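Inspection log for the structure reproduced underneath, given as structure tokens.
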Amino acid sequence: MALKIVKGSIDRMFDKNLQDLVRGIRNHKEDEAKYISTCIDEIKQELKQDNIAVKANAVCKLTYLQMLGYDVSWAAFNIVEVMSSSKFTYKRIGYLAASQCFHESTDVIMLTTNQIRKDLSSPNQYDTGVALTGLSCFVTPDLARDLANDIMTLMSHTKPYIRKKAVLIMYKVFLKYPESLRPAFPRLKEKLEDPDPGVQSAAVNVICELARRNPKNYLSLAPLFFKLMTSSTNNWVLIKIIKLFGALTPLEPRLGKKLIEPLTNLIHSTSAMSLLYECVNTVIAVLISLSSGMPNHSASIQLCVQKLRILIEDSDQNLKYLGLLAMSKILKTHPKSVQSHKDLILQCLDDKDESIRLRALDLLYGMVSKKNLMEIVKKLMLHVDKAEGTTYRDELLTKIIDICSQSNYQYITNFEWYISILVELTRLEGTRHGHLIASQMLDVAIRVKAIRVFAVAQMATLLDNAHMLTGNTQRNGICEVLYAAAWICGEFSEHLENPMETLEAMLRPKSQEGNTDSTTAQEASQLMIDRLPLFVQSANLEVQERASCILQLVKYIQKLQQKDVEVSEEVCALFAGELNPVAPKAQKKVPIPDGLDLDAWINEPPSEKVDEKELARRREARKQEQANNPFYIKASPSSQKVYQETPGVEHIPVVQIDLSVPLKVPGLPMSDQYVKLEEERRQKERAEKKKKDKKKRKEKRSGRGKKHDSGPESEEDITPAHMVDIVTEEMPENALPSDDDERDPADPHKALDIDLDKPLADSEKLPVRSHRAAEVLKSPAEDEEGENVSSLEPKKKSSKEKREKKKDKDKDRKKSKEEKKKKKHKHEEKEEADLLCGQADEPAFQSEETNEVVTPPTSTSADVSDLDFWLSNAPVPSNTQEAATVAAAEAAPAPGAISVTTPDSEPEEPKDTEMEETKSSKHKKKKQKREKEDKEKKKKKKHHHHHHHHGDKGGEESVQNGTVEEEEPLPPMSNYCLLAENSYIKVAYDIQGNLQDGSQVVVSVIFENKCDSFLKSMEFNVLDSLNSKLQRPEGSGPHDSLTIPFQLPPGVSNEARFVFTVQSIIMPQKLKGTLTFIVKNEESSTHEKLDFKLHFTCTSYLITTPCYSDAFAKLLESGDLKSSSIRLEGVNMPFHHLLARICFHHHFSVVERIDSCASMYSRSIQGHHVCLLVKISSQTVSVDAKCDEPTLLGNVLDEIKQTFSQC
Amino acid sequence: MIKAILIFNNHGKPRLIRFYQYFAEDMQQQIIRETFHLVSKRDDNVCNFLEGGSLIGGSDYKLIYRHYATLYFVFCVDSSESELGILDLIQVFVETLDKCFENVCELDLIFHMDKVHYILQEVVMGGMVLETNMNEIIAQVEVQNRLEKSESLPFILH
């Protein structure tokens, strides 16, 4: 064996390695291909050897050759061999090669499943990493299905390096195997709050990518992202989130309102251009989404435009480019604010950078008005002449046409000018856009009746000069124009001045293209004479057909005429009838009449089938034909006018053209002269107007006339030279108004349009191979059954009670909605009272609950209403640290964001041990008061749903464990407890561990102004202990107080956050502190002081960390944990309420729950594991706990006991 | 998403190609040629963004590139990526190469294409940005290099 290895490595010394190969290729510049082919032969030999090192070397060389364009898929099997080497070095080579050349149809991929699975679970994290990286490039639907579960497990790997890779690859898995999205999503969501910033960033990345394609499914994550946005300092994450918000705001304008402020702050504060730019972009998106509802954001617009101007003026071309790009977005909704920067944009048209010129062009599109259209187009025409390179020139051409034709030619005042512009454009060398010009000519001629005479004259000239256009083969594209010209001349032949000549021109056969011919022949038929036989022999079938058809017709007419039969009328009738443009999608919009089955066969299908290719070909041909058919107008600017039933020609007021303008222009027209003419015309008009005004003023002699004429002429002042009636598109009868644009069915993201809020069903579990997991699958089902049975009974009972109650309360059974609401409202009061009294009146409480839950809300609706609640402007000072699954739906207000509440003059609530409840109940009271005044019914509803949300938490917890159950909602809870209070101010606080740092906790403090005076200069200070210190800004001393960055008007509350560093977290601590502030009212200002004691419970060092049952079991088996237990007597609440309370107040999460027994888990900021087993039997709760730090555990248990002794 | 990363020199010779979407080899070469054609005719003082070529992507895609001495680094990305962010990322990537190869030059890329790939794999994975912190990238690359070295110790020691 050893000998073999020695031999192998000696062999290797003679093999070429990658460097030798590269060197060799460089030395054989002349006969590179030959050299490489000999190398490939060598590689083939090497691959046949048994030595894996030799094989790996060969595969490495193949990877290089692949880059040079050589197909190396023949070595796929060898690549798989190298991938499965046990050595990392070779494995990496193998995976790299695979990622470069494997794809979905590589058949050996299916051999790799087990190898990849093995690598994913390798103890060496780099084996796993390499496998993940490779897999991300060649994952197939099969691999995705088979490995989804393994990858999902890796998302909770101990190493962040693996976690972030696993999170990223999930996106690819979702794309290939959409069924995995829902089961994997909860864990993905957790990763948004991963302690490692890299993992967090990866999760943001994936969710943003998902949400971009199907934004509506991710709206419920908005609060979580909002929290991340206001707390994250990682610019990459911020950019992604801000981009995501840009995609979400169009769906939810209220979100936009919430975003404006933090975004503006970021714009002001950030120094990173990339972030600034994305903020501006999203603010623009917000403003666009708000533009309908709230016009009052001119400050934000101004800020954006101003920042963008700075970018555009920057010497860095990149910033300039992006500035223009963003500017074009503002343009859509706020053209006025952009128009003032016209100078800047016109300047950019002269930039040497083509990308920048193109962007500037885009902007011009939105900046034109009736007033400046001619001027801008003139400038563009100059650029057309100067432009080098056809791409840019073609771009200019399309832009000119776009600009002029936008919104149904809204800005064109003189169509003669436009026709001449179009004619000028036909003189361009080698443009690809002949058809565009042609369709414009047709469109204008058809829609603008007044211009037809002029257009026909121009077209006749064009036809006459056709040889100039078609002489050059390069100008082939322009032949399309001739087709349009011929069509116009034919269709409106009554306007032809010299029909014979034109006909002559048209029938000059020399260079005309097929399709030009066909129409020419057709349209000319009315004046037909003798040239046709020539066309009868034409190579083009259609031309032949039409020519002979018309020839026959003409001959027949001639015959008739010879017989002196009057046929002219009949002939006219042949060509009578006006053709109107048809709206796009017109056919699609005709509803299918009843009883018509389009899928049914009219005749039995013929036995032989038309093959697919033939069908595709025909389809293609049809499309082609439609494209060439002037009556089939594809996407044209949406018409603003509604088509009238019968557009009889009489109904259309055709205004005579002012004949003072010479209509006939000798030779090809020059558009420039129109600019001049237009100028003169306007001047004349202005002069006339002035005269009139003067007259008026003389008559009136009032002072207000001045504004009128001194200002520049406004849009309305410019009267178009032609009063044009623009004929709009025809729509069939019964057309449906809908305008749905379907998505491309091939879009892989379509499959990912999945509701993520719906609870998971058992059937949705990811396929798992292992034996053990199958058992796990089973247990929740049993669970569910048990749950259902146990929860059924109280419900029945309560519904009975409910009915009784109903009878008592209001006898009228037909309740109006209002009454129902009142009832809900009463319930709230009652519930609150229950809580405050500290004795849960269980049955009544339940009945009340069920009363409302007549149709139990699905968790989706609850989620939606959570979002509603979050979006409504009411302050949400609590609930940031709820159980992890729910945390996503809630968010605390941004630090520094002032949330205004109405002053509360109601008598004070009891301030006892139940203080933690006061905050939320206070909200309620306020709300109720308002409701009593009977105004904000809606809000109340939202508010109410909010409570439901708490209630659903129990349900959601169990969802996590695979059971779906409906349980009675929970009472509202809040973690904020009173810190101190006097007659001026009330201070409540909550402590949360910092996910990112094991030695930090964040104390959120809500200050509420209770008096009628203004509170300012608030300063917060704490006497540090050896163990815990308040973090003060650098440079300040250890006893300095912190200034609170806001002031409080009367009745307003706001939240500030303070960071503390703690060393040991196993003991609770108390810190003394003071709050000083100035109370200012009209007469006086006094300096006040409030002392407080900040209580750091051990609970506050715990962080809600979800844990899966397998990991939990391992943890318990490990034997490193010390155990301890407590018993709680007389606990009078449903088990799920109990669990929810532990989850909520003590930051635990439920791992598994079976009947009246549940395992729970939490982790301290310093990584201590805390495991609980909670059992309940007849009002006695026993909690068995395990933790690696007994002191911490003891304290946590004491605190839990404390919580329940208060209930 | 990043659709492709191309590195080629001033003559259009590819030094590294990394497609995150499958293209056959001849198509890949065509894309490289087209991209080179688009990018090479641009002055160094124009902006680094280019509306995507016709072959790769389409209207939603942009080419974002940087030109260093003899090499072009081109990223083809869609609209979910921040333009300036990707420019920064290219910079991070190049600086990382510079650290790993100690004053990187084109020859390093020519002879160590595999190593460049391994470094890139720590920056971008499957078309998504994996890591932007240079120290973290270098740390991971180095650990793996050490691992490789330990494996290549003379077989007698095993």
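Quantities reported herein were computed from a predicted structural model and do not represent experimental measurements. These values consider heavy atoms only, across backbone and side chains, with no hydrogens, waters or symmetry-generated copies.
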Atom group of [X] that falls short of 4.5 Å from chain A, counting heavy atoms:
{"X": "B:Gln29", "answer": "side chain"}
{"X": "B:Asn133", "answer": "neither"}
{"X": "B:Leu120", "answer": "neither"}
{"X": "B:Glu81", "answer": "both"}
{"X": "B:Tyr22", "answer": "side chain"}
{"X": "B:Arg42", "answer": "side chain"}

Proximity breakdown for [X] and chain B, heavy-atom pairs closer than 4.5 Å:
{"X": "A:Asp316", "result": "neither"}
{"X": "A:Tyr64", "result": "both"}
{"X": "A:Glu278", "result": "side chain"}
{"X": "A:Glu104", "result": "neither"}
{"X": "A:Lys243", "result": "side chain"}
{"X": "A:Ile93", "result": "both"}
{"X": "A:Ile169", "result": "both"}
{"X": "A:Leu319", "result": "side chain"}
{"X": "A:Ser201", "result": "neither"}
{"X": "A:Tyr70", "result": "backbone"}
{"X": "A:Tyr126", "result": "side chain"}
{"X": "A:Lys320", "result": "neither"}
{"X": "A:Leu168", "result": "both"}
{"X": "A:Gln100", "result": "both"}

Point to revise | Side chain to side chain, A:Arg26 and A:Val22, heavy atoms closer than 4.5 Å | key: yes

Practice item. Check the side chains of A:Ser73 and A:Asp71 for a donor-acceptor pair under 3.5 angstrom, ignoring hydrogens and angles. Key: yes

Would you compute the distance between atom [atom1] of [X] and atom [atom2] of [Y] and round it to the nearest 0.5 angstrom?
{"X": "A:Asn57", "Y": "A:Tyr90", "atom1": "CG", "atom2": "OH", "result": "9.0 Å"}
{"X": "A:Ile151", "Y": "A:Ile162", "atom1": "CD1", "atom2": "CD1", "result": "11.5 Å"}
{"X": "A:Asn281", "Y": "A:Phe245", "atom1": "CG", "atom2": "CZ", "result": "15.0 Å"}

Lys NZ or Arg CZ of [X] over [Y] ring: under 6.0 Å, within 45°:
{"X": "B:Lys3", "Y": "B:Tyr61", "answer": "yes"}
{"X": "B:Arg18", "Y": "B:Tyr20", "answer": "yes"}
{"X": "A:Arg92", "Y": "B:Tyr118", "answer": "yes"}

Check your understanding: Are the side chain of A:Asn318 and the backbone of B:Asn48 linked by a donor-acceptor contact shorter than 3.5 Å?
Key -> yes

Exercise for review: Look only at the side chain of A:Asp20 and the backbone of A:Asn17, and say whether a donor-acceptor pair between them is shorter than 3.5 Å.
Suggested key: yes

Study note, to complete from the structure: Assert top hit (heavy-atom pairs under 4.5 Å, partner chain A, pool B:Val143, B:Ile17, B:Asp78) equals B:Ile17

Point to revise | Among the listed options B:Gln28, B:Glu83, B:Lys13, the residue most often paired with chain A at heavy-atom distances under 4.5 Å | key: B:Glu83

Check your understanding: Where does the angle between the aromatic ring planes of B:Phe36 and B:Phe8 fall among parallel (under 30°), tilted (30 to 60°) and perpendicular (over 60°)?
Key -> perpendicular

Review point. Between B:Tyr65 and B:Tyr72, how do the two ring planes meet: parallel, tilted or perpendicular, split at 30° and 60°?
Key: tilted

Check your understanding: Do B:Arg146 and B:Glu151 meet the salt-bridge criterion of a basic N to acidic O distance under 4.0 Å?
Key -> no

